[in-house]
Peer 1: 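Once you've had a glance at the structure underneath, I'll fire off some questions.
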Amino acid sequence: MIPAPFDYVRAASVEDAIRLLSEAGEDAKILAGGHSLLPMMKLRLAAPAVLVDVAQIPDLHGVAEDEGEITIGAATTHAAVAASEVVRRGAPLLAHAAGLVGDPQIRHRGTIGGSLAHADPAADLPVAVLALGGAVTTVGRQGARRIPIDDFFAGYFETALRPGEVLTAVHVPCRPHAAWGYQKFARRANDWAIVGVAANAGRIALAHMASTPVRASAAEQALAEGAGIDAAAASADAGTDPGDDLHADAEYRRVLARVLTKRALLGAR
Ligand SMILES: Cc1cc2nc3c(=O)[nH]c(=O)nc-3n(C[C@H](O)[C@H](O)[C@H](O)COP(=O)(O)OP(=O)(O)OC[C@H]3O[C@@H](n4cnc5c(N)ncnc54)[C@H](O)[C@@H]3O)c2cc1C
């Protein structure tokens with residue numbers, strides 16, 4: 001439970017972080033809230049030689065709304081996202097999901113950028129941003145990129161982030177009147193989802209049903225073609241690839257995906 005030795009540097013700006021990452025090379029890792037990275041280091045599943053802390057960079061904090069889009073700085077904590085009036089009004093699904101992450105300590109340290117970059121398929125915020133049809137901005141030595149969330153998750157704990165790139169912002173559409181629903185099935189209040197379902201304006205995203213957060217495409221299509229909620233939810237697990245673990249086997253997850261999708265759609269408000 002003790003990590004391997006590492007150096008720690010605190011970046012003052014995004015440019016500073018990119019320089020520090022570039023100097024440290026491939027053994028460096030970005031540190032934000034540390035609530036996923038540090039447990040992995042303690043278990044020796046990760047052993048970076050250098051941690052570049054981006055959590056205090058002013059430009060990575062805060063929420064802004066402009067021309068129908070909400071932009072959230074990557075180092076904004078889950079608690080700040082959950083409490084933001086702008087997010088609560090324009091993307092209530094995201095505020096609600098952020099309020100369900102872990103417990104208060106985790107929500108006051110963990111960040112939205114860290115959650116998306118970590119890309120845990122069982123996590124709350126990746127699936128919420130996927131259902132919202134959002135995007136992320138990344139900045140590296142080659143400049144800035146805007147990546148649609150549909151193209152961001154690349155595999156199990158893998159994303160489209162390139163080495164040395166910093167995720168700087170998360171963007172979601174501002175749609176105060178979109179119907180949304182969120183269902184998280186977990187054993188204890190501060191656990192990750194055994195299965196989670198986020199639904200927003202006809203998009204449906206599933207947590208823990210594959211190696212990445214995934215869209216329930218067949219259910220989305222059924223809704224778009226006029227199917228009722230029962231019929232659409234019945235196909236929620238189509239095309240998914242859930243795994244077995246201590247909490248649930250794949251077949252149970254498939255049942256959960258169908259039941260929770262139905263509840264998310266019925267409860268959409
Ligand atoms: C007990 C416990 C319970 C939890 N329960 C839940 C839960 O119910 N739901 C849930 O969704 N999550 C849960 N989490 C995870 C929590 O939400 C983490 O805070 C989050 O996954 C990672 O955010 P972080 O800021 O802590 O990132 P860190 O741990 O600092 O970093 C995670 C990864 O992202 C990279 N990274 C961080 N920031 C950036 C950036 N700006 N640009 C590029 N790469 C970056 C890091 O290099 C690292 O690889 C839980 C964690 C714990 C310890």
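Whatever order the structure lists ligands and atoms in, that order sets their numbers, starting from 1.
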Peer 1: Any nitrogen or oxygen of Leu37, side chain or backbone, less than 3.5 Å from one on ligand 1?
Peer 2: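 Yes; the residue has a nitrogen or oxygen that sits under 3.5 Å from a nitrogen or oxygen of the ligand.
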Peer 1: Do the side chains of Arg141 and Glu165 get close enough for a salt bridge, i.e. N-O under 4.0 angstrom?
Peer 2: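 Looking at Arg141 and Glu165, the cut-off is not met.
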Peer 1: Any idea which atoms of ligand 1 are less than 4.0 Å away from a heavy-atom of Ser115?
Peer 2: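 Result: 20 (C), 21 (O), 22 (C), 23 (O).
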Peer 1: State the atoms of ligand 1, each with its element, that fall below the 4.0 Å cut-off from a heavy-atom position in Ala32.
Peer 2: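 So the answer, numbered in order with elements, is 25 (O), 30 (O), 37 (C), 38 (N).
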Peer 1: Number the atoms of ligand 1 from 1 as they appear, then name those within less than 4.0 Å of a heavy atom of Asp191, with their elements.
Peer 2: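 Taking each heavy atom of Asp191 in turn, ligand 1 has 8 (O) under 4.0 Å.
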Peer 1: Give the numbers and elements of all ligand 1 atoms closer than 4.0 Å to a heavy atom of His78.
Peer 2: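 Result: 16 (C), 17 (O), 19 (O).
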Peer 1: Going by heavy atoms in the side chains, are Leu51 and Val9 under 4.5 Å from each other?
Peer 2: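 They are not in side-chain contact.
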Peer 1: Record the part of Asn190 in heavy-atom contact with ligand 1 below 4.0 Å; permitted values are side chain, backbone, both and neither.
Peer 2: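 For Asn190, the contact with ligand 1 is made by the backbone alone.
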Peer 1: How are the rings of His96 and Tyr182 set to each other: parallel, tilted or perpendicular (split at 30° and 60°)?
Peer 2: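 Correct class here is perpendicular.
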Peer 1: Under a 4.0 Å N-O cut-off, is there an ion pair linking Arg258 with Asp230?
Peer 2: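 No, Arg258 and Asp230 are not salt-bridged.
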Peer 1: Does any N or O of ligand 1 fall below 3.5 Å from an N or O anywhere on Gly102, backbone included?
Peer 2: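 By distance alone, the answer is yes.
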Peer 1: Do the side chains of Asp124 and Lys184 get nearer than 4.5 Å, heavy atoms only?
Peer 2: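 Of all side-chain heavy-atom pairs linking Asp124 with Lys184, at least one is under 4.5 Å.
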Peer 1: Thinking salt bridges, do Asp150 and Arg203 make one under a 4.0 Å N-O criterion?
Peer 2: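 Salt bridge between Asp150 and Arg203, a charged N being under 4.0 Å from a carboxylate O: yes.
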Peer 1: Name the closest protein heavy atom to atom 27 (O) of ligand 1, giving the residue it belongs to and the distance to 0.1 Å.
Peer 2: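 Answer for atom 27 (O) of ligand 1: Gly114 CA, 3.6 Å.
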Peer 1: Quick test of your reading of the model: are Glu65 and Arg88 salt-bridged, counting only N-O distances below 4.0 Å?
Peer 2: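 So Glu65 does not pair with Arg88 through a salt bridge.
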Peer 1: Among all protein non-hydrogen atoms, which one is nearest to atom 41 (N) of ligand 1, and what is the separation to 0.1 Å?
Peer 2: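 Checking every protein heavy atom, the shortest distance to atom 41 (N) of ligand 1 gives Leu167 O, 2.9 Å.
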Peer 1: Which residue is it: Val86, Val81, Leu60? I am looking for the one with a side-chain contact (heavy atoms from CB on, under 4.5 Å) to Ile72.
Peer 2: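 Option passing the side-chain contact (heavy atoms from CB on, under 4.5 Å) with Ile72: Val81.
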Peer 1: Within a distance under 4.0 Å of any heavy atom of Gly33, pick out the atoms of ligand 1 and give their elements.
Peer 2: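 The list of qualifying atoms is 24 (P), 25 (O), 26 (O), 27 (O), 30 (O).
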Peer 1: Check whether any N or O atom of Lys29, backbone or side chain, sits under 3.5 Å from an N or O atom of ligand 1, and answer yes or no.
Peer 2: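 Yes, there is a polar N/O contact under 3.5 Å.
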Peer 1: N/O of Gly34 under 3.5 Å from N/O of ligand 1, yes or no?
Peer 2: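 Yes, since at least one N or O of Gly34 sits under 3.5 Å from an N or O of ligand 1.
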Peer 1: Between Val166, Asp120, Ile30, which one has a non-hydrogen atom sitting closest to atom 46 (C) of ligand 1?
Peer 2: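 Residue with the shortest heavy-atom distance to the ligand atom: Ile30.
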Peer 1: For atom 20 (C) of ligand 1, which candidate among Ala46, Gly110, Ser36 provides the closest heavy atom?
Peer 2: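 Looking at heavy atoms only, Ser36 sits closest to atom 20 (C) of ligand 1.
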Peer 1: Quick one: do Arg19 and Glu23 make a salt bridge, cutoff under 4.0 Å?
Peer 2: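 So Arg19 pairs with Glu23 through a salt bridge.
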Peer 1: Is the shortest N/O to N/O distance between Thr111 and ligand 1 below 3.5 Å?
Peer 2: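 N/O-N/O distance below 3.5 Å exists for this pair.
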Peer 1: With heavy-atom distances below 4.5 Å as the criterion, would you say the side chains of Tyr8 and Val50 are in contact?
Peer 2: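 Sidechains of Val50 and Tyr8: no contact.
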